[in-house]
Amino acid sequence: MAAATLSRMMVGVASASAIGTPSASPVQNADLQQQKRTCVNLQVVRSRKCSNSMLSLATLANLQQGGLVGIGMDRRSRRSCKKRSAVAMVAVPTRPVSLPVEPDAAEGGWGLGDRNLEPLAEGGGGQGREKDFDPSARPPFTLADIRAAIPKHCWEKNTWKSMSFLARDVAIVFGLAAGAAYLNTWFVWPLYWLAQGTMFWALFVLGHDCGHGSFSNNKRLNNLIGHLTHSTILVPYNGWRISHRTHHQNHGHVDNDESWHPIPESIYRGLDFRAKTGRLSFPWSMFTFPIYLWTRSPGKTGTHFDPKSDLFMPNEGNDVRTSTACWTAMLATLVALTFAIGPMWMLKLYVVPYLVNVVWLDAVTYLHHHGYDKKVPWYRGAEWNYMQGGLSTIDRDYGWFNNIHHDIGTHVVHHLFPQIPHYNLVEATESIKPIMGEYYRDPKKSGPIPVHLLDSLIRSLKEDHFVSDEGDVVYYQSDPNFSSNFFSN
């Protein structure tokens with residue numbers, strides 16, 4: 001059906017160039033006629049009935065209505081439709097032209113909006129276009145196009161499946177602790193610390209899913225499991241859940257994002273050496289999460305424990321008090337256990353794995369927004385919207401750990417649609433790749449242990465220090481007078 005509709009909508013590229021924009025003045029038409037037009041092959045999603053196109057028909061119609069595109073199917077496309085694919089030919093001016101593209105009403109206006117259509121280089125999809133690709137340019141698809149590409153079953157939440165992952169993780173945690181305590185040798189303890197710290201992090205991810213409501217459709221169950229999984233690793237569930245919601249709602253925004261967002265230069269210059277070292281030096285920056293819970297990021301005030309904090313709305317006070325009470329009860333339990341079994345046993349069984357969990361949490365959350373081969377854009381003002389910010393997130397491959405920590409590395413689709421359960425994120429990610437094209441950053445493939453990410457992490461900490469105080473699209477800049485390696489200072 002899409003192929004037939006596209007054929008009926010066909011307008012020759014030459015005639016589109018000659019006609020110009022009907023509502024424009026003669027001077028504007030002449031200006032448009034002088035602009036070179038480049039035909040860009042936009043690959044269309046393969047489907048069984050050749051019906052899912054990369055651009056929605058409504059979007060193509062809007063582009064055609066602006067007098068700026070010629071839409072049709074080339075000969076190869078007609079033949080390849082039998083092979084379940086099609087190609088849309090779009091003639092795009094080589095300089096930006098304002099287009100009336102409808103925002104995605106289904107997502108609260110988080111679509112393209114009334115924006116400039118940035119020029120695209122010739123050559124079609126991902127490979128061979130990196131030199132000309134601008135990741136901050138408005139993409140030729142909407143959030144609704146991405147959503148439509150995700151199979152319906154990926155949105156379905158299976159409470160029993162989620163509970164089975166929880167049961168698996170809890171069983172491993174207790175099994176590791178019992179085994180390490182029984183063997184009690186210094187050969188076993190380092191292995192236990194790494195394994196148990198990883199499992200603490202896995203529990204955090206399940207609580208994270210509860211916070212998004214992707215664990216189950218039962219809010220009470222989500223809150224119960226969220227408090228159990230997070231309180232046991234000293235995270236105030238509701239306090240963190242609310243600040244993490246702020247992060248998702250403002251991802252990619254310099255000023256409104258939460259946690260690992262860029263620091264404007266004026267704030268960066270005002271930080272003392274200790275603050276810079278704690279946030280930007282390896283390995284110390286990998287232990288900042290507990291501090292963040294108490295003080296937030298530089299330039300922001302408040303805490304995750306106080307219901308009167310800037311983080312929270314007045315009606316969220318009871319939620320914050322509940323989480324703070326659970327956190328306090330867990331801390332009291334740990335103190336009591338320390339007196340019961342001795343500080344050395346508490347250090348070996350809990351404290352060191354807790355710190356390993358913190359390293360996992362800080363490293364993963366940092367790498368999902370930093371450290372790609374090419375710098376990702378950050379936004380302010382009119383340049384930011386929900387989809388554009390989400391497209392700046394980065395997927396990562398963690399090798400053997402992908403399944404252990406519940407595929408948290410599939411971060412792009414999670415940021416755009418956090419309600420998708422973790423066990424469907426891999427399939428959802430594969431389904432949106434053809435739509436996103438170069439806007440999707442393929443992660444480097446990992447071996448069993450993701451040691452390759454250490455280079456990305458350290459390189460980013462050396463190079464990504466602050467962003468400009470001005471500009472609606474900004475990239476990280478470096479401070480040549482600051483070293484990210486604490487030991488070299």
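We find the CG-OH distance between L416 and Y386 to be 6.0 Å, quoted to the nearest 0.5 Å. Here T393 contributes atom OG1 and L367 contributes atom CG; the two are 13.0 Å apart, rounded to the nearest 0.5 Å. One distance of note links CG of L347 with OH of Y354; it measures 14.0 Å at 0.5 Å rounding. The distance from the OG1 atom of T198 to the CG atom of L203 is 11.5 Å, given to the nearest 0.5 Å. Atoms SG and CG, on C210 and L221 in that order, are 7.0 Å from each other to the nearest 0.5 Å. Annotation: the span from L191 atom CG to W186 atom CH2 amounts to 12.5 Å, rounded to 0.5 Å.
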Residue pair Y475, W378: steps toward the ring pair (Phe, Tyr, Trp, His ring centres under 6.0 Å) verdict: CA-CA 6 Å; Y475 294 82; W378 291 79; over 10 Å; no

Check against side-chain contact (heavy atoms from CB on, under 4.5 Å), Q388 and N385: CA-CA 5 Å; Q388 200 79 3; N385 66 37; 3.2 Å; yes

Evaluation steps, side-chain hydrogen bond (donor to acceptor under 3.5 Å, both in side chains), between D395 and T410: CA-CA 5 Å; D395 278 8; T410 50; 6.0 Å; no

From CA spacing to verdict: side-chain hydrogen bond (donor to acceptor under 3.5 Å, both in side chains), H247, D257: CA-CA 5 Å; H247 166 55; D257 202 346; 2.6 Å; yes

Test log, rule side-chain contact (heavy atoms from CB on, under 4.5 Å), inputs L280 and F482: CA-CA 9 Å; L280 299 171; F482 177 78; 3.7 Å; yes

Check against ring pair (Phe, Tyr, Trp, His ring centres under 6.0 Å), H411 and H369: CA-CA 9 Å; H411 208 63; H369 302 276; 5.5 Å; yes

Worked check of side-chain hydrogen bond (donor to acceptor under 3.5 Å, both in side chains) between T142 and D145: CA-CA 5 Å; T142 67; D145 294 321; 3.1 Å; yes

side-chain contact (heavy atoms from CB on, under 4.5 Å) evaluation trace for H244 with H212: CA-CA 9 Å; H244 190 64; H212 283 301; 3.2 Å; yes

Chi angles and distances behind the ring pair (Phe, Tyr, Trp, His ring centres under 6.0 Å) call for F215, F165: CA-CA 10 Å; F215 187 87; F165 281 105; 9.3 Å; no

Evaluation steps, side-chain contact (heavy atoms from CB on, under 4.5 Å), between I263 and V467: CA-CA 6 Å; I263 304 174; V467 296; over 6 Å; no

Stepwise ring pair (Phe, Tyr, Trp, His ring centres under 6.0 Å) check, H405 with F204: CA-CA 9 Å; H405 59 207; F204 175 89; over 10 Å; no

Trace of the side-chain hydrogen bond (donor to acceptor under 3.5 Å, both in side chains) decision for H422 with H414: CA-CA 8 Å; H422 72 82; H414 164 68; over 6 Å; no

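With salt bridges taken as basic N to acidic carboxylate O contacts below 4.0 Å, one links E316 and R245. By the 4.0 Å N-to-carboxylate-O rule, R441 lies too far from D373 to be salt-bridged with it. Ion pairing between E430 and K433 holds under the 4.0 Å rule for side-chain N and carboxylate O. Using a 4.0 Å cut-off between charged nitrogen and carboxylate oxygen, R459 and D464 do not count as a salt-bridge pair. For the pair E258 and R296, the salt-bridge criterion is met [side-chain N within less than 4.0 Å of a carboxylate O]. At a threshold of 4.0 Å, the pair K300-D310 does not count as salt-bridged, since none of the basic side-chain nitrogens sits closer than that to a carboxylate oxygen.
Side-chain atoms of S431 come within 3.5 Å of backbone atoms of A428 as a donor-acceptor pair (strictly under, hydrogens ignored). Not a single donor-acceptor pair under 3.5 Å links the side chain of Q196 to the backbone N or O of N357. Under a 3.5 Å cut-off, the side chain of S231 and the backbone N or O of L228 do not form any donor-acceptor pair. T288 places a side-chain N or O within 3.5 Å of a backbone atom of S285 that can act as its donor or acceptor partner. Between the side chain of N250 and the backbone N or O of H253, no donor-acceptor pair lies under 3.5 Å. A donor-acceptor contact shorter than 3.5 Å is absent between the side chain of W294 and the backbone of H304. At distances below 3.5 Å, at least one donor-acceptor pair connects side-chain atoms of N402 with backbone N or O atoms of G399. When atom types are taken as modelled, the side chain of S478 and the backbone of P480 share no donor-acceptor pair closer than 3.5 angstrom. Within the 3.5 Å criterion, the main-chain N or O of S214 finds no donor-acceptor partner in the side chain of D209.
Between F401 and I449 there is a side-chain heavy-atom pair separated by less than 4.5 Å. Side-chain contact check for Y423 versus H406: every heavy-atom pair is 4.5 Å or farther apart. Inter-residue side-chain proximity for M286 and L457 is flagged as met; some heavy-atom pair is nearer than 4.5 Å. Looking at heavy atoms from C-beta onward, W384 lies out of side-chain contact with V254 at the 4.5 angstrom threshold. In this structure, the side chains of F133 and Y439 come closer than 4.5 Å at one or more pairs of heavy atoms. Counting heavy atoms from C-beta outward, W240 and H208 have side chains that approach closer than 4.5 Å. Residues P236 and L293 have side chains in contact (heavy-atom distance under 4.5 Å, counting atoms from C-beta outward). The shortest side-chain heavy-atom distance between Y366 and L361 does not fall under the 4.5 Å cut-off.
A donor and an acceptor atom, one from each side chain of H251 and S392, are nowhere located under 3.5 Å apart. Residues E383 and Y379 have side chains that never bring a donor and an acceptor to within less than 3.5 angstrom of each other. Between the side chains of Y476 and H370, at least one donor-acceptor pair of N or O atoms lies under 3.5 Å.
In terms of heavy-atom proximity, L391 sits nearest to P139 at CD1-CG, 3.9 Å. The shortest heavy-atom contact between R396 and H368 is CG-CD2, 3.7 Å.
Screening W327, Y237, W201 for a ring pair (Phe, Tyr, Trp, His ring centres under 6.0 Å) involving H230 leaves a single residue, Y237. The one candidate from D255, D469, D472 that meets the salt bridge (Lys or Arg N to Asp or Glu O under 4.0 Å) condition with R380 is D255.
Cation-pi geometry between K276 and Y268 is met: under 6.0 angstrom from the ring centre, within 45 degrees of the axis. A cation-pi contact, defined as under 6.0 Å to the ring centre and within 45° of the axis, links R269 to F466.
In terms of the side chain to side chain donor-acceptor pair (under 3.5 Å) criterion, residue partners of S323 (sequence neighbours excluded) are, by chain and number, H227, N238.
Taking a 6.0 Å sphere around CH2 of W400, one finds it holds 12 or fewer heavy atoms contributed by other residues, nucleotides or ligands.
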